[in-house]
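By convention in this document, chain letters (A, B, ...) are assigned in the order of the sequence lines, proteins followed by strands, and residues within each chain are numbered from 1.
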Amino acid sequence: MAEASVMEKIVSLCKRRGFVYPASEIYGGIRGFWDYGPLGVLLKNNIRDSWWRDMVECPPIGPDGHPLDMVGLDSSIIQHPKTWEASGHLATFADPMRKCSKCGHFVRADHLWDMLATSSKWFDDLLQEFTPISGHIDTERLMRWAKTKGRKLAPNLALVRNPEVTLSWLATRVNGQPDVPVEMMEFTRHIATEQLNATGLQDPCPLCGAELGPSEPFKLMMESYAGLTQTPDNKVYLRPETAQGIFLQYKNIVDTTRVKVPFGVAQIGKSFRNEVTPRNFIFRSREFEQMEMEWFCHPDEARTWYEFWKTERMRWWKSLGVKEENLKLRDHAPDELSHYSKMTVDIEYKYPFTAPDFGELEGIAHRGEFDLTQHQKHSGQKLDYFDQELQLKLKEQGASPEEIKAKSRYVPNVIEPASGLTRAVLVLLCEGYTADPNRPSGEYMRFDPKMAPIKAGIFPLVNKDGMPEVAEKLYMDLRTKFMCEYDPKQSIGKRYARMDEIGTPYCITVDGETLKDQSVTIRERDTLQQQRVSLDKVDTYMTDRILK
RNA sequence: GCGGGCGUAGCUCAGUGGUAGAGCGUCACGUUGCCAACGUGAAUGUCGAGGGUUCGACCCCCUUCGCCCGCUCCA
């Protein structure tokens, strides 16, 4: 409960100070969409720029002591529809779902029996009355269950609504084949069926027991049309991930730049998903921004690179000022893996709304050769890689020409660290939010100085006696290097408090002494300490702390 | 999608079937010499939206949208 209210305070502060607003608010808002306000966009851009810098402009140092080979890309949001056929998104992002005829609950058609077995309260309870191993049916017990517990747990189950009918069918079934024990699935279908019609036996809703409707595709990709007519052949999809754009341009990048395997292609951009339940502020929204990098490497080295990126990405998050105890690596269980992945690890963060549990922040997936192979198949284009270095090496080792030919041409494997930029904004907001009853604002944002939207507030102590002139001059100098704000109005305490609330790490104040000795005070947000710094050292002071 | 809670000023929230309120914030002027000081003044809402009942609805009823929580879902 305390956690929930922390989240409420964060949401409220975000609105009040201009970090995040509900999208289309004057029309009542639109579910799953958010706008980033004046401070929010600064924060988001700082994270984005930091990622880009650390991935593309100044990539990590590899195991060989040299910087990794990395290039950037900005691909289109809309790609050829076949992209999503090849990637598997069209199939898996259109899960067959079945809707309950009574409570409206959606169940994935292929998960129904798992759901019944693992998370249906009424089904679990009913199991006490029927043992699938023996297949024995005790009509009286079932009748009693239907009239007591069943009424509460599964009010819409046929067995509960009309026990006589379903039990008599079951009896017929047993009499008809007395030697064969009734199987669980068959038993379940019988008790879920009130009226036998053309569709035959029914499947029950795991929640209320009513029969489920037919299986229909549930579209998780947003659709649009490219062209003047909205005909099926003009249908296009808004990308559900940025990654595919990279695979589509892989060949061009290999052909036109001088990258050699292993290398990476990084991209930042918007993605769209028809999330079933957008919730938890900007954690799960229908339009969001991703920072994805595809690392192309030799299949034999994929595992090593997977481990490398795991470590590297954790290090990066910590460099943004995220505390280690709030971060966690979690390996996906085999049955949880996406259709494309051989192994995946999530970097999770302890959000206020998941605490004490953690929620996803970034996924690092070993995609194997899945994507390139798929696009190779669907496009008919060769997407393999000819490794000249390996060829030379094999030649030196005295390999046969056949072996050299076979081994030096291969489809690279891919390691993908994919993180949510908008989720990163949320993490920094949560991480920075600090309640402090001892300061006037009552709360402040403890952003890492590098990430803070505003780096410094520049104030004249009072708005007269030559102070504003000096302060404004300082502002004009500093603004070319750092995002600064000049504010001559109102009491100094109020200005400090405002800066605390938006997480500005430094406040520089011009006072009476400045006019005598050319020094200012710099107030540090977290410690509230002030120190006098000579005017000509302010730039260095800031540079040391922000561009370190 | 289901169940529960909520929706009134930028924020937090009172409120009554009879022409809208507080605190904080914001703005202006004055004052002010280091942590939302003080004084004076000001702006702001079709009470989420649409419909209905009523002489009259922020209040009652219906519908809808959005937010939060639980279940479910989550490449």
Here's one to test your reading of the geometry: is the NZ or CZ of A:K44 within 45 degrees of the ring axis of A:Y36 and under 6.0 Å from its centre? yes

Please report the distance, rounded to the nearest Å, between OH in A:Y27 and P in B:G50. 12 Å

Complementary nucleotide for B:G17 - Watson-Crick or wobble, under 3.5 Å: none

A:D511 CG to B:C35 C1': how many Å, rounded? 14 Å

Report yes or no: is the cationic atom of A:R239 (NZ for Lys, CZ for Arg) under 6.0 Å from the centre of the six-membered ring of A:F272, at an angle within 45° of the ring normal? no

dist A:D536:CG -> A:D477:CG (nearest 0.5 Å) comes out at 11.0 Å

Give a yes or no on whether the backbone of A:L461 and the side-chain of A:R495 come within a donor-acceptor separation of less than 3.5 Å. yes

Using atom P in both nucleotides, what's the gap between B:G50 and B:C59 to the nearest angstrom? 12 Å

Distance check needed: B:C38 P versus A:I492 CD1, whole Å only. 17 Å

Is the shortest side-chain N/O distance from A:R498 to OP1 or OP2 of B:A36 below 4.0 Å? no

Distance, C1' atom - from B:U40 to B:U32, rounded to whole angstrom: 15 Å

Can you measure A:R439 atom CZ to B:C35 atom P for me and round it to whole angstrom units? 13 Å

Pairwise C1' distance, B:A49 and B:C65 [rounded to whole Å]: 7 Å

Minimum-distance nucleotide (side-chain atoms of A:Q530 versus B:C34, B:U32, B:C2): B:C34

What nucleic acid atoms does A:G37 come within less than 4.0 Å of, heavy atoms only: base, sugar-phosphate, or nothing? nothing

Rounded to the Å, how far apart are A:L461 CG and B:U32 P? 12 Å

side-chain N/O A:K489 vs B:C27 OP1/OP2, d < 4.0 Å: no

Scan A:L528 against the nucleic acid and name what it touches under 4.0 Å (heavy atoms): base, sugar-phosphate only, or nothing. base

Out of B:C69, B:C34, B:A36, minimum distance to the side chain of A:F353 belongs to B:C69

On RNA chain B, nearest-nucleotide positions of A:E360 versus A:V510: which is more 5'? A:V510

Measure NZ/A:K516 against P/B:G33 and give the value in whole Å, please. 14 Å

I'd like to know if A:R523 reaches the base of B:C35 with its side chain such that a donor and an acceptor end up less than 3.5 angstrom apart. yes

Does the ring of A:Y541 carry A:R545 above it, NZ/CZ under 6.0 angstrom from centre and within 45° of its axis? yes

Consider the side chain of A:E8, meaning its heavy atoms from C-beta on, and name the nucleotide among B:A36, B:G66, B:C68 that approaches it most closely. B:C68

Considering only atom P, compute the distance from B:G15 to B:C71 and round it to an integer number of Å. 32 Å

I want to verify a distance call: between B:U26, B:G33, B:C34, whose nearest atom is closest to the A:K494 side chain? B:U26

Check whether the side chain of A:Q490 and the base of B:A36 form a donor-acceptor pair under 3.5 Å. no

Pair partner, B:A22 [Watson-Crick or wobble, under 3.5 Å]: B:U12

Evaluate the ring planes of A:F296 and A:Y250, with Trp represented by its six-membered ring, and classify them as parallel (under 30°), tilted (30 to 60°) or perpendicular (over 60°). tilted

What is the distance, to the nearest angstrom, from the CZ atom on A:R31 to the P atom on B:A49? 20 Å

Is the glycosidic torsion of B:G33 within 90° of 0, making it syn, or is it anti? syn

Let's test this: given Watson-Crick or G-U wobble pairing with both distances under 3.5 Å, identify the partner of B:C38. B:G30

Are A:R330 and A:F358 in a cation-pi setup, meaning NZ or CZ lies under 6.0 angstrom from the ring centre and within 45 degrees of the ring axis? no

Return the nearest nucleotide to the side chain of A:S12; candidates are B:C11, B:A36, B:C69. B:C11

Name the nucleic acid region contacted by A:K15, choosing base, sugar-phosphate or nothing; use a 4.0 angstrom heavy-atom cut-off, strictly under. sugar-phosphate

Any donor-acceptor pair under 3.5 Å joining the side chain of A:R17 to the base of B:G25? no

Taking pairing as Watson-Crick or G-U wobble with both contacts under 3.5 Å, can you name the mate of B:G7, or confirm there isn't one? B:C65

For nucleotides B:C24 and B:A37, find the distance between their P atoms and express it as a whole number of Å. 11 Å

Between A:I30 and A:R16, the residue closer to the 5' end of RNA chain B by nearest nucleotide is A:R16

Salt bridge or not for A:K15 and A:E25, using N-O below 4.0 Å? yes

Between B:U53 and B:C62, how many Å separate the two C1' atoms, rounded to a whole number? 11 Å

Whom does B:C59 pair with, Watson-Crick or G-U wobble, provided both distances fall under 3.5 Å? none

Here's one to test your reading of the geometry: is the NZ or CZ of A:R423 within 45 degrees of the ring axis of A:F283 and under 6.0 Å from its centre? yes

Quick one: is B:C69 close enough that its OP1 or OP2 comes under 4.0 Å of any side-chain N or O from A:N280? yes

What's the closest nucleotide to the side chain of A:E501 if the choices are B:A36, B:A37, B:G66? B:A36

B:G70 - base-pair partner by Watson-Crick or wobble geometry, distances under 3.5 Å: B:C2

Between B:G17 and B:C58, how far apart are the C1' atoms? Round to whole Å, please. 10 Å

Please determine, for the side chain of A:R279, which listed nucleotide (B:C71, B:C67, B:G10) has the closest atom? B:C71

Rounded to the Å, how far apart are A:W34 CH2 and B:G66 P? 12 Å

So does A:Y496 reach the base of B:C34 with its side chain, donor to acceptor, closer than 3.5 Å? yes

For B:U16 and B:G7, measure between their P atoms and round to the nearest Å. 13 Å

Need one value for A:D500: base, sugar-phosphate or nothing, where a base atom within 4.0 Å counts as base even if backbone is also close, heavy atoms only. nothing

